[in-house]
Amino acid sequence: MSDDVIGTSLVDENLSELRRSVAGVVLGPADNAYDGARRCFNALIDRRPAVIVRCLRASDVATAFDFAGTHGLEVAVRGGGHNPAGHCVSDGGLVIDLSLMRHVDVDGDASIARSQGGATWLDFDSATQAVGLVTPGGVVGSTGVTGLAFSGGIGHLTSQLGLTCDSIVGVDLITPDGGMVRASEEDDAELLWGLRGGGGNFGVATRVEFGLYPLERVVGGRLTHAGRDGVAAALRRFRDINARAPRNLSCSVLLEVDESLVPTLLVAPCYTGSDEEPEDLLTLGGGPGLVQNGLRTHSVSLNSNTFSILHTARTVPIERVTSCVSFQTSLSMHCLKE
Ligand SMILES: Cc1cc2nc3c(=O)[nH]c(=O)nc-3n(C[C@H](O)[C@H](O)[C@H](O)COP(=O)(O)OP(=O)(O)OC[C@H]3O[C@@H](n4cnc5c(N)ncnc54)[C@H](O)[C@@H]3O)c2cc1C
């Protein structure tokens, strides 16, 4: 950290210089919006960056990198702010915050969506489902599209369409030296390969292009099982059905335990086949201990947000998030067929 950084605060002159250089918003510790902007989804993370740059355009990202280099600041990148370890914020560093860059542009004829680096899944799904198209994404609407896609990405359509990163077809990237590069099969196939799962280690993506797939209808929702016997029986059904299920049925589970150690199991199937009432779904939805059956048919092409209801079904108020481990446990139990 250089001499013009005092503790975690840059001197006012430096912040003013940065404010003049970017189209977006620059927040320092003295600004009213600073405390809200440094929070992440995991409320246990309490870090105080020296400066947060809410970028509006790609050149703001390059300017932020340049500023961080000049002042010796560690850089953190914020998309949706959902990384459980709090990678989107660092003590005394500079945050490149993409939350103002959330536009999603859909080319239905080419089956391509171009998503700005800070778009969330709710932004993305709302745009693509308006024309009856989808990309396999995450199960919570406020998760960042790019952060999730760069680390693989599993969700309700994984069994049918693969990992989210498999659908990335192009990326516009700002590298730490401020350069703008493009990764695609035509432009830089090796970089594209690295970005599909390599996390944010190559630079900041200002735009990511995804392939889209038609989807008219899903049958899915949440099944809640309570009590030890009911949960044990439901887990066995989940195991058996997933062992034989066709590719058009994805299914995930989340096991929760309350203070008295009584378990609750949430099973979330997503069926995209043509049968009205497939037997596997009826089996998943039965049995002892079932306390809530939220299975429904969602007409994706008729209502752009219907399928997003399924995506947001697991949104948890920030106050209730007390453990990152429980989230990762639920994710690792997603069923990957191949
Ligand atoms: C409630 C919740 C639900 C989740 N659900 C799922 C799920 O269904 N499926 C799943 O696979 N994962 C899921 N995750 C995990 C999630 O995908 C990862 O934590 C992911 O990193 C979050 O991305 P973000 O942009 O929201 O997070 P952030 O904390 O903002 O970013 C995390 C990291 O991603 C990288 N990154 C983000 N945006 C960019 C960008 N534009 N350019 C370059 N790098 C970038 C950076 O390295 C950044 O530090 C979930 C997490 C939570 C907390």
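Treat the numbers as computed from the prediction; the structure is a model and nothing was measured. Just follow the structure's listing: the first ligand is 1, and inside any ligand the first atom is 1. Values reported hereafter were calculated over all heavy atoms of this structure, with side chains retained and with hydrogens, waters and symmetry mates removed.
- Listed by number with element, the atoms of ligand 1 under 4.0 Å from a non-hydrogen atom of His87 are 49 (O).
- Considering backbone and side-chain atoms alike, Gly155 places every N or O at 3.5 Å or more from each N or O of ligand 1.
- Here Leu98 has side-chain heavy atoms under 4.0 Å from ligand 1, and that is the only part of it that gets that close.
- Between the side chain of Ser167 and the backbone N or O of Thr135 there is no donor-acceptor pair closer than 3.5 Å.
- Set against the non-hydrogen atoms of Val204, the atoms of ligand 1 under 4.0 Å away are 42 (N), 43 (C).
- A salt bridge links Arg19 with Asp31: the distance from a Lys NZ or Arg NE/NH1/NH2 to an Asp or Glu carboxylate oxygen falls below 4.0 Å.
- Thr63 and Asp60 are not linked by any side-chain donor-acceptor pair at a separation below 3.5 angstrom, with hydrogens and angles left out of the test.
- Counting only distance, with no hydrogens or angles, the side chain of Arg47 and the backbone of Arg38 share no donor-acceptor pair below 3.5 Å.
- Between His82 and Phe41, the angle of the ring planes lies from 30° to 60°, which puts this pair in the tilted group.
- Against a heavy-atom cut-off of under 4.0 Å, Leu148 is close to the following atoms of ligand 1: 6 (C), 7 (C), 9 (N), 10 (C), 11 (O), 12 (N), 13 (C), 17 (O), 20 (C), 23 (O).
- For ligand 1, the atoms sitting less than 4.0 Å from at least one non-hydrogen atom of Val140 are 3 (C), numbered in the order shown with element in parentheses.
- With Glu74 contributing its side chain and Gly93 its backbone, the two residues share no donor-acceptor pair below 3.5 Å.
- With ring centers used as reference points, Phe150 lies 6.0 Å or more from Phe202.
- Contact between Ala76 and ligand 1 is absent, with no heavy atom of the residue lying under 4.0 Å from the ligand.
- Nearest to atom 25 (O) of ligand 1 by heavy-atom distance, out of Gly153, Gly80, Cys165, Ser115, is Gly80.
- Closest approach of Phe65 to Val75, counting heavy atoms only: CE2-CG1, 3.9 Å.
- With salt bridges taken as basic N to acidic carboxylate O contacts below 4.0 Å, none links Asp91 and Arg48.
- Within the set Gly144, Pro84, Ala205, the minimum heavy-atom distance to atom 41 (N) of ligand 1 is found for Ala205.
- Using a non-hydrogen distance threshold of 4.0 Å, Gly203 registers as a contact of ligand 1.
- For ligand 1, the polar-atom distance check against Ser142 finds no nitrogen or oxygen pair separated by under 3.5 Å.
- Here the shortest heavy-atom pairing between Ala149 and Thr164 reads CB-CG2, 3.7 Å.
- Per-residue contacts place Arg78 under 4.0 angstrom from the following atoms of ligand 1 (heavy atoms of the residue considered): 30 (O).
- The Gly200 neighbourhood of ligand 1 comprises atoms 44 (N), 47 (O), with distances under 4.0 Å to a heavy atom of that residue.
- A continuous path of Ile, Leu, Val, Met, Phe, Trp and Tyr side chains, each step under 4.5 Å between heavy atoms, connects Tyr271 with Leu290, placing both in one hydrophobic cluster.
- Residue Gly147 has at least one heavy-atom neighbour below 4.0 Å for each of these atoms of ligand 1: 20 (C), 21 (O), 23 (O), 25 (O), 34 (O), 36 (N), 37 (C), 38 (N).
- The contact set between ligand 1 and Gly138, taken as ligand atoms under 4.0 Å from a residue heavy atom, comprises 7 (C), 8 (O).
- Considering backbone and side-chain N/O atoms, Val77 comes within less than 3.5 Å of an N/O atom of ligand 1.
- Residue Gly81 places a heavy atom less than 4.0 Å from ligand 1.
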